[in-house]
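What follows is a set of notes on a single structure, which appears directly below.
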Amino acid sequence: MTKTLIATTALVGALLGPMSGMALAETIGVSIPAATHGWAGALNFHAERTIERLKEVYPEHEFVLATTPDSATQVSDLEDMVATRGIDALVVLPFESEPLTGPIQRIAESGTWVTVVDRGLAVEGIETLYVAGDNDSFGRTAGQYFADTLDEGAKVVAMRGIPSTVDNERVEGFEAALDGSGIKVLAMDHGNWNRDTAFTLMQDWLSRFPEIDAVWAADDDMAVGALAAIEQAGRTGEMIVVGGAGMKEMVDRIRSGDSTVPVDVTYPPSMISTAIEMTVVGVTGAAPMSGEFIIASELITPENADDFYFEDSPY
């Protein structure tokens, strides 16, 4: 699929205003993972508030929001949206890529507008619109930071997320940035974007490896779990931890000069708001919306951390 910058949030906002007078009613389904960890919690926060705002602007449209704890439940939710709610458009963040590909493909083939968010499907070209962070950049930014700041021969452990195209792209970017650096990856395993899983995984690594120079956690929730295990083991000060997504807690540690958390990588959960708004614009025909909208990752450092810290944020 060709990467195309098709709109900006500002453009979407400009288009939304004139649409409020349109009489055509559309039913838009939104299916996302439940708030089982911080990033997903913020995703839910932004989805709920965006839908409430759009309901006020477009009372003729109906929005159906379903949150899911696993892939099987999400498949059932999607079937219900089609059978009982007759959705005209679907905004979906797949819990996992493989199990959701077939069900979403059938929905798309029925003529329903499909916007896929964050985690791509196992088959390309199914969706009308794809909205996501730049996952290659997410992993590559962390890897490049290690390559630039760690000595040759430094020892690193890496926590992957839930098996998905997102996870694969992040890891590929991370490994590409480390290629030729001389940095050794001692272990890489799935922490499933979960604090408790990451805590247990980090405990295992700390018991196995007497020397670790850095931890890459491909999500800030996993970084929090890793930090707790490091502190419990009394090994604070031996290694740095680089996570990602811009969690408020992590950004605060950076701007406070915490040497264990020197940087973080952005991956905004508010992308769900962009996806819902762009879908409304596209499905109602107000403007062409198709292709890919990719949100670049940035490195959060002590110098710019204040720009990424939001006191009222849920994440």
Side-chain angles (χ1 to χ4, degrees), residues 9 12 26-55 61-82 84-85 87-105 107-108 112-122 126-133 135 138 161-167 170 192-194 218-221 244-247 267-280 282-283 292-295 313-315:
T9 303
V12 173
E26 305 284 357
T27 300
I28 299 164
V30 180
S31 174
I32 58 177
T36 54
H37 64 286
W39 193 88
L43 185 85
N44 279 255
F45 172 86
H46 289 292
E48 291 166 2
R49 279 148 187 78
T50 299
I51 288 172
E52 287 305 310
R53 175 170 53 81
L54 293 178
K55 282 180 177 179
H61 298 329
E62 183 179 1
F63 294 86
V64 182
L65 174 62
T67 61
T68 181
D70 53 51
S71 296
T73 304
Q74 189 167 35
V75 171
S76 177
D77 289 342
L78 296 183
E79 292 173 346
D80 182 67
M81 284 185 183
V82 172
T84 67
R85 307 305 290 269
I87 57 172
D88 302 289
L90 171 66
V91 179
V92 56
L93 197 162
F95 194 89
E96 293 179 276
S97 299
E98 288 282 353
L100 271 299
T101 295
I104 293 173
Q105 185 169 21
I107 292 172
T112 301
W113 174 292
V114 172
T115 296
V116 173
V117 186
D118 185 42
R119 299 171 200 171
L121 301 174
I126 292 173
E127 66 272 11
T128 311
L129 174 65
Y130 179 58
V131 177
N135 288 291
F138 181 95
I162 291 173
S164 60
T165 58
V166 167
D167 181 60
R170 290 181 178 185
N192 298 332
W193 297 320
N194 180 275
D219 173 82
D220 280 336
D221 274 290
M247 180 189 289
Y267 198 81
S270 58
M271 67 176 68
I272 190 65
S273 299
T274 302
I276 296 170
E277 291 184 352
M278 293 176 75
T279 299
V280 172
V283 76
E292 294 189 351
F293 185 79
I294 306 300
I295 304 167
S313 172
Y315 177 72

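All figures in this text were calculated on a predicted structure; none of them were measured in a lab.
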For [X] and [Y], indicate whether the former's side chain and the latter's backbone hold a donor-acceptor pair under 3.5 Å.
X      : Y      : value
Asp219 : Asp221 : yes
Trp193 : Ala218 : yes
Ser273 : Thr50  : no
Thr112 : Ala108 : no
Arg119 : Val166 : no
Thr128 : Thr115 : no
Asp118 : Leu93  : no
Ser164 : Asp167 : yes
Thr68  : Gln74  : yes

Taking the side chain as every heavy atom from C-beta outward, state whether [X] and [Y] have any atom pair closer than 4.5 Å.
X      : Y      : result
Leu43  : Tyr315 : no
Val30  : Ile51  : yes
Ile295 : Pro268 : yes
Ile104 : Glu127 : no
Ser31  : Leu65  : no
Leu90  : Trp113 : no

Taking side-chain contact (heavy atoms from CB on, under 4.5 Å) as the definition, give me every residue that meets it alongside Ala40, ordered by chain and number, with sequence neighbours left out. His37
Return the set of residues passing side-chain contact (heavy atoms from CB on, under 4.5 Å) with Ala47 (not counting sequence neighbours), or none when no residue passes. Ile32, Ile272, Ile276
Please list all pairs passing the salt bridge (Lys or Arg N to Asp or Glu O under 4.0 Å) test where one or both residues lie in residues 36-52, with sequence neighbours left out. Glu52-Lys55
Can you pull the salt bridge (Lys or Arg N to Asp or Glu O under 4.0 Å) pairs that have at least one residue in residues 87-99, sequence neighbours excluded? none
Rounded distance (nearest 0.5 Å) linking atom [atom1] of [X] with atom [atom2] of [Y]:
X     : Y     : atom1 : atom2 : result
Thr84 : Glu79 : OG1   : CD    : 11.0 Å
Ile28 : Phe63 : CD1   : CZ    : 4.5 Å
Thr67 : Asp77 : OG1   : CG    : 7.5 Å

What pair of heavy atoms forms the shortest contact from [X] to [Y], and how long is it?
X      : Y      : value
Asp220 : Gly246 : OD2-N, 3.0 Å
Pro269 : Ala42  : CG-CB, 3.6 Å
His61  : Glu26  : ND1-N, 3.2 Å
Ala89  : Val283 : CB-CG2, 3.8 Å
Ala35  : Asn44  : N-ND2, 3.7 Å
Met81  : Gly29  : SD-CA, 3.9 Å

Please identify each residue that fulfils ring pair (Phe, Tyr, Trp, His ring centres under 6.0 Å) with Phe138, with sequence neighbours left out. Tyr267
As a quick check of understanding, evaluate side chain to side chain contact (heavy atoms under 4.5 Å, CB included) for Leu100 and Ser71, giving each step before the final call. CA-CA 7 Å; Leu100 271 299; Ser71 296; 3.9 Å; yes
Step by step, would you call Asp70 with Thr73 a side chain to side chain donor-acceptor pair (under 3.5 Å)? CA-CA 6 Å; Asp70 53 51; Thr73 304; 2.7 Å; yes
Before you tell me yes or no, could you show the steps for Val64 and Thr27 under side chain to side chain contact (heavy atoms under 4.5 Å, CB included), namely the whole-Å CA-CA distance, both residues' side-chain angles and the distance that decides it to 0.1 Å? CA-CA 7 Å; Val64 182; Thr27 300; 4.0 Å; yes
Partners meeting salt bridge (charged side-chain N to carboxylate O under 4.0 Å, His left out) with Arg85 (sequence neighbours left out): Glu62
Verdict with reasoning, Met271 to Val117, per side chain to side chain contact (heavy atoms under 4.5 Å, CB included): CA-CA 8 Å; Met271 67 176 68; Val117 186; 4.0 Å; yes
